[in-house]
Amino acid sequence: MADDKFSFTQEVERRRTFAIISHPDAGKTTLTEKFLLYGGAIRSAGSVKSRRSQKHAVSDWMEIEKQRGISVTSSVMQFEYDDFCINILDTPGHQDFSEDTYRTLMAADSAVMVIDCSKGVEDQTKKLFQVCKLRGIPIFTFINKMDRMGRDPFDLLEDIEKVLDIKSCPMNWPIGSGKDFKGVYNRYDNQIELFMDGNHGQSIAKAVKGQLGDEKFNPLIGHDLHEQLLGEIELLDIAGDHFDQKEVLKGNLTPVFFGSALTNFGVEPFLQSFLDMTPPPLARLSNQGNIDPKSENFTGFIFKIQANMNPAHRDRIAFLRICSGQFDKGMTVNHVQKGKKVKLAQPQQFVAQDRVVVDSAYPGDIIGIHDPGIFNIGDTLCKDASKIEYAGIPQFAPEHFARISTVNSLKRKQFLKGVTQLAEEGAIQVYRRPNMGVEELIIGVVGVLQFEVLEYRLKHEYGVELSMQQLPYRYLRWIEQDSYDVTKLALPMDTVLVENKHQQPVLLFQNEWSIKHILDRNEGIVLKEHS
Ligand code: GDP
């Protein structure tokens, strides 16, 4: 949002762009909502309904599809808190887990990892964490649901360190847990912060603050809990890793906070510390070296494309992460990869829960631009003629595969058009057997819901009825160019050789054993997980 109150430099420095990652149900949506509550973007919390059953998730998705606006507004959100301008990127963790989820992390400068205190680190958190690690962005941990009985906090720290292989530093420590969760002890200023009920989490929780050892806390905490806290604090000083901002910024050390998103206990202290520690937009690597976000030249890259957001208009929106310079509505920019000029006429931004047309935007912001079919994931837009290109967005290996064809062969053209569109959006990857015609394709997806998305969208947007047969493959590896003559490959029975859209050879495996088998039997072959 443009605001004359701030200079361009201040606009950049006050931006914080981060993704929230978690396993389904850990409380990501609730925490996001509470951030909006504390930022004043919503007046009362409580729109997060209790978790729906898995069975319903698919039809929910279709409902969401009918009102695409909603699913989009929830994927990027901007709000203000304490002069910070915050962009939250949602990474769907539910069944709609897809490549989009991974790519979104390419647009974030840091990540907040939400962990359920009764579960510890779960599968999807692990996967998303690995992508953050790949990028080397800072990761902040919020251990949620402390109002419920959970695992021992020391255990949880160990879990994070062991499962994720990252050092951790507790920034605060819970005082009690379950029904007795009363507040947190902030280690950096030795302050105790006790929370009062914020109307079951609907409004901001009031807090009483004071130094550790202050007698006023005795009746509030109780003698036993106080003693326990003092003992645990002593242990922490010996056990935990020391805080080191440099290590945090490199993604080697995660600061850990305890709280309850539902009751709001610990949410604001977390938000405040997190905003202080997490960096504003930093220089980003391009083919011309690091680009300073404060440089005058406007640049950005596309990390997500979504088509037919409004079925009445058949529109296509490309999501652009601004990396440097100021964006102004209606500006003409160079599409570096296509070598063309493009006017960005109706840029949209996603403020709290609404979509608005934006006049100005700054590095760190995400804007949605109309795409007449000219953008691809990873494309760079650039104001001047410098032809800056940002490092490409890696392609993540699909884990589920199916063979598809159209039921009605007269619809072949539509079938190909729809499949191509979804592949361009990055929702699916398309492969073919070297000797197979285009009537039958193999598609790969990161999350199984994408199969249903494909079926649904081909039917509703392209009038094509699909025949689909899921295949037993689980692993994909690219054969590094020129590393091997594929005609000489000795393949085990359960492995298949296909070609991707660039006619590169790709292998699909059913298990890790077969990958090892290929490596053992075909000397010199180089298999890659990321393209
Ligand atoms: P997401 O799937 O990670 O987005 O999780 P949600 O935010 O939808 O939360 C999943 C469920 O956990 C919902 O029923 C929430 O009300 C509940 N929940 C979220 N945070 C807390 C918390 O701090 N304490 C408790 N007891 N429940 C919570």
Side-chain angles (χ1 to χ4, degrees), residues 18-38 42 44-58 60-61 63-64 70-71 73-77 88-98 100-101 104-105 111-129 140-151 153 156 172 174-184 193 195-205 207 256-271 353 447 449:
F18 62 91
I20 307 199
I21 62 174
S22 75
H23 191 83
D25 259 1
K28 186 166 53 96
T29 318
T30 311
L31 187 65
T32 307
E33 190 182 49
K34 297 311 168 75
F35 285 167
L36 295 179
L37 178 73
Y38 279 94
I42 55 173
S44 150
S47 64
V48 179
K49 301 286 177 300
S50 55
R51 184 82 190 99
R52 305 162 201 106
S53 74
Q54 298 221 334
K55 220 166 117 229
H56 283 134
V58 174
D60 281 350
W61 180 84
E63 264 317 295
I64 288 166
I70 293 170
S71 87
T73 48
S74 63
S75 64
V76 184
M77 258 180 281
I88 300 189
L89 299 164
D90 185 23
T91 52
H94 295 84
Q95 288 81 352
D96 48 353
F97 199 75
S98 68
D100 256 8
T101 311
T104 298
L105 293 172
V112 167
M113 174 166 75
V114 184
I115 289 177
D116 182 330
C117 71
S118 65
K119 307 265 177 60
V121 177
E122 297 175 86
D123 278 359
Q124 290 196 10
T125 313
K126 238 183 339 192
K127 283 198 204 169
L128 291 161
F129 174 88
F140 298 82
T141 304
F142 185 77
I143 298 190
N144 190 28
K145 303 200 185 179
M146 288 305 294
D147 59 301
R148 286 222 192 121
M149 284 314 283
R151 288 168 58 178
L156 289 163
N172 65 19
I175 304 174
S177 64
K179 279 206 290 295
D180 289 329
F181 179 48
K182 300 210 185 303
V184 290
E193 202 163 343
F195 304 106
M196 308 296 148
D197 187 14
N199 191 16
H200 301 292
Q202 282 178 30
S203 39
I204 287 169
V256 178
F257 298 79
F258 292 85
S260 158
L262 189 74
T263 62
N264 300 342
F265 287 19
V267 169
E268 196 167 33
F270 169 62
L271 182 61
Q353 283 154 346
L449 185 74

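Atoms within each ligand, like the ligands themselves, are counted from 1 in listed order. Residues: numbered from 1 along the sequence shown. Computed from a prediction, not measured in an experiment: that's the story for all the values here.
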Contact check: Met146 vs ligand 1, nitrogen or oxygen atoms, below 3.5 angstrom: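 It does not: no N or O of Met146 is found under 3.5 Å from an N or O of ligand 1.
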
Considering both backbone and side-chain atoms of Asp147, is one of its nitrogen or oxygen atoms within less than 3.5 Å of a nitrogen or oxygen in ligand 1?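 Yes; at least one N/O pair falls below 3.5 Å.
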
Could you tell me, atom by atom, which parts of ligand 1 come under 4.0 Å of a heavy atom of [X]?
| X | value |
| --- | --- |
| Lys28 | 1 (P), 3 (O), 4 (O), 5 (O), 7 (O) |
| Pro24 | 2 (O) |
| Asp25 | 1 (P), 2 (O), 3 (O), 5 (O), 10 (C), 12 (O) |
| Ser22 | 3 (O) |
| Thr29 | 1 (P), 4 (O), 7 (O), 8 (O) |
| Gly27 | 1 (P), 3 (O), 5 (O), 6 (P), 7 (O), 9 (O), 19 (C) |

Does Asn172 reach the main-chain N or O of Phe258 with its side chain, forming a donor-acceptor pair under 3.5 Å?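 Yes.
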
So do the side chains of [X] and [Y] get within less than 4.5 Å of each other, counting heavy atoms only?
| X | Y | answer |
| --- | --- | --- |
| Leu105 | Ile21 | yes |
| Lys145 | Ser118 | no |
| Val121 | Ile115 | yes |

What are the two closest non-hydrogen atoms of Asp116 and Ala26, and how far apart are they?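 Answer, listing the atom of Asp116 first, then Ala26: N-CB, 4.0 Å.
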
For Phe129, check ring pair (Phe, Tyr, Trp, His ring centres under 6.0 Å) against everything at least two apart and list the hits.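 Scan of Phe129 (ring pair (Phe, Tyr, Trp, His ring centres under 6.0 Å), adjacent residues dropped) gives none.
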
Return the set of residues passing ring pair (Phe, Tyr, Trp, His ring centres under 6.0 Å) with Phe270 (not counting sequence neighbours), or none when no residue passes.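 Only Phe142, Phe257, Phe274 meet the ring pair (Phe, Tyr, Trp, His ring centres under 6.0 Å) criterion with Phe270.
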
Is ligand 1 under 4.0 Å from a heavy atom in the side chain of Leu262, in the backbone, in both, or in neither?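 Contact part for Leu262 vs ligand 1: both backbone and side chain.
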
Ligand 1 versus Lys145: contacting region, heavy-atom distance under 4.0 Å: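 Both backbone and side chain of Lys145 come within 4.0 Å of ligand 1.
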
